Number of protein chains: 2
Amino acid sequence: MNPRLFSFIGGNGSGWSVVSIETVVGDPLPAVERVDIVAGAISQIPDGGTWILRGVTSNDRYVTRGEKESLIAKQAALGRPDATHAALIPIRKSTEWWALTQDERRAIFEEQSRHVEIGLKYLPAIARRLHHCRDLGDAELFDFLTLFDYSKADSAAFDDLVAALRETKEWKFVEREIDIRLVRAS
Amino acid sequence: MNPRLFSFIGGNGSGWSVVSIETVVGDPLPAVERVDIVAGAISQIPDGGTWILRGVTSNDRYVTRGEKESLIAKQAALGRPDATHAALIPIRKSTEWWALTQDERRAIFEEQSRHVEIGLKYLPAIARRLHHCRDLGDAELFDFLTLFDYSKADSAAFDDLVAALRETKEWKFVEREIDIRLVRAS
């Protein structure tokens, strides 16, 4: 099994409690009460499970060395004790996006959309882990799963972050997006 | 199943006949007599099979729009009637390579190693399909599987192509490479 693989199980079992599931664009995902986040593959939906999403963390696709150093200097890892709030945002981009060349995607990602620059404003308050799904062997519903966590006090800042990204040119290539807000189960 | 997934089954069953398996660097792969190339996933090694390699075709990672237009103008698809010779070259790159940022990898790939420029010289004689393995859910032995095909008359040109690439700075990051030469089974 790929050690960078994570599974996200939506259902009524264990894991984070779902506060809301908003369909930003495209088809909705079935409503669930809990999302369990586990390292590794879950091939069968467990009892109480409704759906499974999977993704692998991978090498950076767009950031330059300068941008990466800025990110590393400010960013925090997931799982801080006060990070009681989280969001799982599955996204699929359009065929048009994937047909662009690297230089075209990079130009939209940063020079036109300021994806890194926007994200940097919210560090270290918002921690983030990006999972790639598009090149898994199974056909997946999404291209990316991004998991964020933050304190209750930073919830409004997280709303601002996603709102700013959704205004960008890059987001014109997003054809499906679900915004799942979570709180740590007590 | 991901429609871009291909499986390469090494064994003594059906498919292309193996002419040679050369270990260029790193651990060898077990010798086999045949390599069968099938669209889709093969989860169990079939009777007569020794190993399975899997990979997905994906979006371009490094080429610019200008380079892509040059490639498209010259390149041929796999499977031409006179393409009786083929090569399957599985490669794994080092941890150091994957820790580089996009701009660093691009600079090594093209500005320092001329990967596209070298490849262009051999088009349309050598056709090529690149499969990615690193972000599959299963742990794979390699990061990439490249399949080439060409006529018997172009076999020497193919030797020149791989020799030129192995001299580049990019290849200093290749820690495992197997060169499997094939001919179409009569």
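Order of the sequence lines fixes the chain letters, A, B, ..., with proteins taken first and strands second; residue numbering starts at 1 for each chain. Just so we're clear, the structure is a prediction, and the values are computed from it rather than from any experiment.
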Engineer: Report yes if the side chains of Leu120(B) and Arg114(B) come closer than 4.5 Å at any heavy-atom pair, otherwise no.
Structural biologist: no

Engineer: Could you list the donor-acceptor pairs under 3.5 angstrom formed between side-chain atoms of residues 22-42 of chain B and any protein atom two or more places apart in sequence or on another chain?
Structural biologist:
residue: Arg34(B); atom: NH1; partner: Gly15(B); partner atom: O; Å: 2.9
residue: Asp36(B); atom: OD2; partner: Ser14(B); partner atom: OG; Å: 3.1

Engineer: Using a strict threshold of under 4.0 Å (side-chain N to carboxylate O), is an ion pair present between Arg54(A) and Glu140(A)?
Structural biologist: yes

Engineer: Below 4.5 Å from any heavy atom of chain B, which atoms of Leu5(A) appear? Answer side chain, backbone, both or neither.
Structural biologist: side chain

Engineer: Going by the angle between their ring planes, with limits at 30° and 60°, are His115(B) and Phe109(B) parallel, tilted or perpendicular?
Structural biologist: parallel

Engineer: Name the member of Glu104(A), Glu67(A), His132(A) that forms the most heavy-atom pairs with chain B at distances under 4.5 Å.
Structural biologist: Glu104(A)

Engineer: Determine the option with the most heavy-atom pairs under 4.5 angstrom with chain B, choosing from Arg105(A), Arg4(A), Arg106(A).
Structural biologist: Arg4(A)

